[in-house]
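Below, read A as the first sequence line, B as the second, and so on, with proteins coming before strands; counting in each chain starts at 1.
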There are 2 protein chains.
Amino acid sequence: MNLKTPVAPDNPNQAETRRQLLEAAGEVFAETGFRDATVREICRRANANIAAVNYHFGDKEALYKEVLRYSQQKALQKYPPLLGVAADAPPEKKLRAFVHSLLLRIFDKGPTSWHGKLMSREMIDPTAAMDSVIEERIRPMSEQLWKIVGEILDCPVNDERVRLCSFSVVSQCVFYFHCRVIVSRLFPAQEMDAAYVEKLADHITRFSLAAMKHLPEAKAAKSQSNTTRN
Amino acid sequence: MNLKTPVAPDNPNQAETRRQLLEAAGEVFAETGFRDATVREICRRANANIAAVNYHFGDKEALYKEVLRYSQQKALQKYPPLLGVAADAPPEKKLRAFVHSLLLRIFDKGPTSWHGKLMSREMIDPTAAMDSVIEERIRPMSEQLWKIVGEILDCPVNDERVRLCSFSVVSQCVFYFHCRVIVSRLFPAQEMDAAYVEKLADHITRFSLAAMKHLPEAKAAKSQSNTTRN
DNA sequence: TGACATGTCAAACAAATGTTTGAATTATTT
DNA sequence: AAATAATTCAAACATTTGTTTGACATGTCA
């Protein structure tokens, strides 16, 4: 029911209202989450009538799906995963670019800044829209990273150490948007500007490279893993 | 039906209903978040009347604050930050214990399992209740970690490298509850059992120790250009 | 026992909010 | 220009939900 097929895109008014609704919805969804976001607030910011969401998107949830897709596409277009580093560059350089682009997407202050928050929310309460995001965006990016880490560790990409180390790299990046609240309360004076993002990218890359190049079992490939803990 | 067996002589009914409300609320808040959680559902699971929340806690938000405090206290009591490692143990050993206890709190399957999800939600939408949690629980734990990392790096605890490396350690742990959705979709076959938690703790500790002991600037103690804040 | 405090209950209230409706307005086509 | 389609608008609708209310039940203590 309520299947509103998107009509002719050559209509300036419709296209404009749709776009403004998407932008406003991105802001509001990011600020308050899906449930707390009200279509009244979205329409108010978009200078649109209360009924506009239902007219243009069907219902609130369909609007949300569009927003999620829109923000992902925009963020990846602005900061591609390897930032233009050549495919045959040394893996250390590619790792640095991967880390930096991920941080840039997270800390972006511009009109795509809600991308990070939207993704955070999806992590906790994945909606149906998350499925396609994972398969179309996240899995390809993961595989890209596995290749890089595999080169550095000198392992096949399906080795368990590649997976663990890749997680270690990514986790240090995403930490700063999942835990931004805590970071900024523990260090209220710390500004999150472009210079700081550079510094973070440097640290994460150096930290991870040092770890991977000196991991006790990294090169030795001794896979008995008897965890003599404690 | 539902015969109330006589319990403690002091204030049996009130204490019992309160406790059941707390447990049920913890479940529901963790599953659906503060806003989506309904008082009706909480009371239904607690076998309590719809008015019980307001009678015992005042309103829904006060109940939430109690739940947050309750879950924090329970989780930290079950898995203390250093798991009983002696205060004069070598820092490597303390780091391992810190990482392991953090992972245990995150992966706990028992009745305190909602602790992780509640904290995740607070990260994105911090409520007023988060203030006290940060000051009373998180800051002390952070300072504990800074000391350990400072020992390993051989730096003063307020050095910027201590902060960055501590974040690198913590981030690898909390990654697994913020991004559990993605991890389990990328690797659906991977079980998150106790053995896996051990393996993770090993990896994170080894990875971080290798990094910190081989960081290009770790031992160099080049003491210029450091933010001299607090 | 009888009075009083405490806790529980079903019902109702009040506010918020997603959605629908039908008229009014604007754009496009004939 | 007239007719038709598309879009906007204010108002109303229907549902959900946190909270309140006043009656009823239960336990305590003089």
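With sequence neighbours left out, the ring-ring contact (aromatic ring centres under 6.0 Å, His included) criterion links B/Phe34 to B/Phe29, B/Tyr64. With sequence neighbours excluded, the residues satisfying side chain to side chain donor-acceptor pair (under 3.5 Å) with A/Arg44 are A/Glu41. For A/His203, the ring-ring contact (aromatic ring centres under 6.0 Å, His included) criterion is met by A/Phe207, not counting sequence neighbours.
No more than 12 heavy atoms of other residues, nucleotides or ligands lie within 6.0 Å of CZ in B/Arg69, so this atom counts as exposed by the packing criterion.
Across the protein-nucleic acid pair, B/Leu63 atom CG and D/dT17 atom P stand 16 Å apart, rounded to whole Å. For the pair B/Leu21 CG and C/dC9 P, the interatomic distance rounds to 11 Å; values are reported in whole Å. Rounding to whole angstrom units, CG of residue B/Asp59 and P of C/dA15 are separated by 17 Å. At whole-Å resolution of the value, CD in A/Glu16 and C1' in D/dA6 are 17 Å apart. Distance CG (A/Asn54) to P (C/dG22): 15 Å, rounded to an integer number of Å.
Annotation: salt bridge (charged side-chain N to carboxylate O under 4.0 Å, His left out) contacts involving residues 169-182 of chain B, sequence neighbours excluded, are absent.
Salt-bridge check for A/Arg45 with A/Glu23: failed, with every basic side-chain N at 4.0 Å or more from each acidic carboxylate O.
The stretch residues 28-41 of chain B comes close to DNA chain D through B/Ala37, B/Thr38, B/Val39, B/Arg40, each having a heavy atom under 4.0 Å from the strand.
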Please write out each protein N/O paired with an N/O of nucleotides 9-11 of chain D under 3.5 Å, distance rounded to 0.1 Å.
from, atom 1, to, atom 2, distance (Å)
D/dC9, OP2, A/Asn49, N, 3.4
D/dA10, N7, A/Asn49, ND2, 3.3

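Look at B/His56 and you'll find a side-chain N or O under 4.0 angstrom from OP1 or OP2 of C/dT8. Under 4.0 angstrom from either OP1 or OP2 of D/dT7 there lies no side-chain N or O belonging to A/Thr17.
In this structure, B/Phe98 has its ring center at least 6.0 angstrom away from the ring center of B/Trp146.
Counting only heavy atoms from C-beta on, A/Tyr55 has its side chain closest to D/dT7 among D/dT7, D/dG18, C/dT19.
A heavy-atom distance below 4.5 Å is found between the side chains of A/Ile204 and A/Leu103.
Put simply, the side chain of B/Ser208 never gets that close to the backbone of B/Thr205: no donor and acceptor are under 3.5 Å apart.
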